[in-house]
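Dropping a structure here in structure tokens format, bear with me for questions.
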Amino acid sequence: MLLIGLGAGAGAGIFLRPAPFPSEDSMPQKTDPSAKKAGETSGHEFVKLNNQFVVPIIKNDKVASMVLVSLSLEVLAGYKEAVFSKEPKLRDALLQAMFDHANIGGFDGAFTQSGNLDLLKKSLFETARLSLGDKLIEVLIIDIARQEI
């Protein structure tokens, strides 16, 4: 009985074992249409703005917290240098948009909720679009943090 049970268990184990996990070499290669190929540009590039933006949050006429924001801009390929040449004016305009967002309470409470961030991103996009024109594709919030004081 013991040998029959042992044999049946081994047979069931072999029969019911999972298929081996395929190696990367044997997996079919997927082609990503957005992936760059050798010698081909994707039509856009990312420009990380130097330094973080620091936005004070004022409560009762005192600084209650600070919001730190890091941004990148997605622009058409070949426009990166133009962004850096306009960076001082662009940073000034973006910082003013963030101050306006802070003044309407955009950084209060759950400021990272989708609706709040969408409102901020839309404002930043419209502001940056005034400086960069139709070369701007998207404003990306890379990091955002609030530090209570």
Side-chain angles (χ1 to χ4, degrees), residues 9-10 12-149:
I14 291 171
F15 181 72
L16 296 174
R17 78 171 178 227
F21 189 75
S23 68
E24 284 187 30
D25 295 337
S26 66
M27 293 179 72
Q29 297 296 319
K30 294 180 183 177
T31 55
D32 182 2
S34 65
K36 285 186 179 182
K37 294 181 181 176
E40 183 180 318
T41 61
S42 66
H44 65 268
E45 58 189 339
F46 298 95
V47 181
K48 184 174 186 331
L49 295 180
N50 297 318
N51 303 320
Q52 294 178 322
F53 291 86
V54 179
V55 182
I57 308 302
I58 309 297
K59 301 282 182 192
N60 301 322
D61 295 327
K62 293 184 180 185
V63 176
S65 59
M66 303 291 277
V67 174
L68 303 172
V69 182
S70 295
L71 298 178
S72 283
L73 304 177
E74 184 179 4
V75 296
L76 295 177
Y79 202 65
K80 191 175 195 174
E81 291 304 317
V83 171
F84 285 128
S85 71
K86 296 179 181 185
E87 188 174 8
K89 283 190 172 190
L90 180 62
R91 286 185 64 84
D92 177 64
L94 291 171
L95 191 57
Q96 185 60 55
M98 286 185 232
F99 288 159
D100 293 343
H101 187 74
N103 290 334
I104 63 168
F107 292 119
D108 294 341
F111 69 100
T112 58
Q113 282 184 327
S114 180
N116 287 339
L117 285 181
D118 289 344
L119 182 64
L120 175 61
K121 284 183 72 166
K122 182 179 179 188
S123 173
L124 294 174
F125 178 80
E126 290 170 356
T127 300
R129 191 77 179 230
L130 291 174
S131 295
L132 302 175
D134 62 351
K135 306 296 185 195
L136 178 69
I137 297 169
E138 186 69 50
V139 174
L140 307 166
I141 298 174
I142 303 302
D143 292 310
I144 187 167
R146 181 179 63 204
Q147 176 66 47
E148 303 299 324
I149 297 180

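Values in this document were obtained by computation on a predicted structure and should not be read as measured data.
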Quick one: are Val75 and Ile137 in side-chain contact, heavy atoms under 4.5 Å?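 Of all side-chain heavy-atom pairs linking Ile137 with Val75, none is under 4.5 Å.
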Do the side chains of Leu94 and Phe53 get nearer than 4.5 Å, heavy atoms only?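 Yes. Closest side-chain heavy atoms under 4.5 Å.
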Restricting to non-hydrogen atoms, name the atom on Ile149 and the atom on Met66 that form the minimum distance, rounded to 0.1 Å.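 So the two residues come closest at CD1-CG, 3.6 Å.
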Shortest non-hydrogen contact from Asn51 to Arg91?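 Shortest heavy-atom contact: O-NH1, 3.3 Å.
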Is there side-chain contact between Ile141 and Leu120, with at least one heavy-atom pair below 4.5 Å?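 Yes, side chains in contact.
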Hey, does Leu117 have a side-chain heavy atom less than 4.5 Å from the side chain of Ile144?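 Yes, their side chains come closer than 4.5 Å.
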Quick one, Leu124 with Met98, criterion side-chain contact (heavy atoms from CB on, under 4.5 Å). Give me CA distance, side-chain angles, the key distance, then yes/no. CA-CA 8 Å; Leu124 294 174; Met98 286 185 232; 3.9 Å; yes
Taking every non-hydrogen atom, the tightest pair across Gly106 and Phe111: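 Result for this residue pair: O-CB, 3.4 Å.
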Non-neighbouring partners of Asn50 that pass side chain to side chain contact (heavy atoms under 4.5 Å, CB included), sequence neighbours left out: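 Phe84, Glu87.
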Output yes when a side-chain donor or acceptor of Asn116 lies under 3.5 Å from a complementary backbone atom of Ala110, and no otherwise.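 Yes; judged by distance alone, with no hydrogens or angles, the pair exists.
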By the side-chain hydrogen bond (donor to acceptor under 3.5 Å, both in side chains) test, which pairs, at least two apart or in different chains, include something from residues 138-149?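 Non-adjacent pairs meeting side-chain hydrogen bond (donor to acceptor under 3.5 Å, both in side chains): Arg146-Glu148.
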Using 0.5 Å steps for rounding, measure from the CG atom of Leu136 to the CD atom of Glu126.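 If I round to the nearest 0.5 Å, the distance is 11.0 Å.
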Report the C-alpha distance between Ile57 and Val63 in whole Å, list the side-chain angles of each, state the deciding distance to 0.1 Å, and finish with yes or no for side-chain contact (heavy atoms from CB on, under 4.5 Å). CA-CA 6 Å; Ile57 308 302; Val63 176; over 6 Å; no
Within the supplied structure, the quantity of interest is the number of heavy atoms (other residues, nucleotides, ligands) at a distance under 6.0 Å from Lys86 NZ; does it exceed 12?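 Check passes, neighbour count above 12.
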Heavy atoms of other groups near Lys48 NZ, more than 12 under 6.0 Å: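 Above 12, so yes.
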Any side-chain heavy-atom pair of Gln96 and Asp100 under 4.5 Å: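 A side-chain contact under 4.5 Å exists here.
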Heavy-atom donor-acceptor pair, Glu45 side chain to Tyr79 backbone, under 3.5 Å: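 Flag set: sc Glu45 to bb Tyr79 pair under 3.5 Å.
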Enter the distance from Gln52:CD to Leu68:CG here, rounded to the nearest 0.5 Å.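 These two atoms lie 5.0 Å from each other.
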Taking everything shown except Lys121 itself, do over 12 heavy atoms lie less than 6.0 Å from its NZ?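 Atom NZ in Lys121 is packed in, count exceeds 12.
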Heavy-atom side-chain proximity of Glu74 to Val139 below 4.5 angstrom: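 Glu74 does not reach Val139 side chain to side chain.
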N-O pairing of Lys59 and Asp108 below 4.0 Å: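 Between Asp108 and Lys59 there is a salt bridge, with a charged N closer than 4.0 Å to a carboxylate O.
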Do the non-hydrogen side-chain atoms of Leu73 and Phe46 ever get within less than 4.5 Å of each other?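 The answer is no; the side chains never approach within 4.5 Å.
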Quick one: does any side-chain atom of Asn103 pair with a main-chain N or O of Phe99 as donor and acceptor, under 3.5 Å?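 Pair found, side chain donor or acceptor close to backbone of Phe99.
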Taking all atoms of both residues into account, what is the closest heavy-atom pair of Ala82 and Ser85, and its distance?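 Heavy-atom minimum between the residues: O-OG, 2.7 Å.
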Ser123 side chain vs Leu119 backbone, donor-acceptor pair below 3.5 Å: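 Between the backbone of Leu119 and the side chain of Ser123 there is no qualifying donor-acceptor contact (under 3.5 Å).
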I'd like to know whether Leu90 forms a side-chain contact (heavy atoms from CB on, under 4.5 Å) with Leu132, so could you lay out the CA-CA distance, the side-chain angles of the two residues, the decisive distance to 0.1 Å, and finally the verdict. CA-CA 8 Å; Leu90 180 62; Leu132 302 175; 4.1 Å; yes
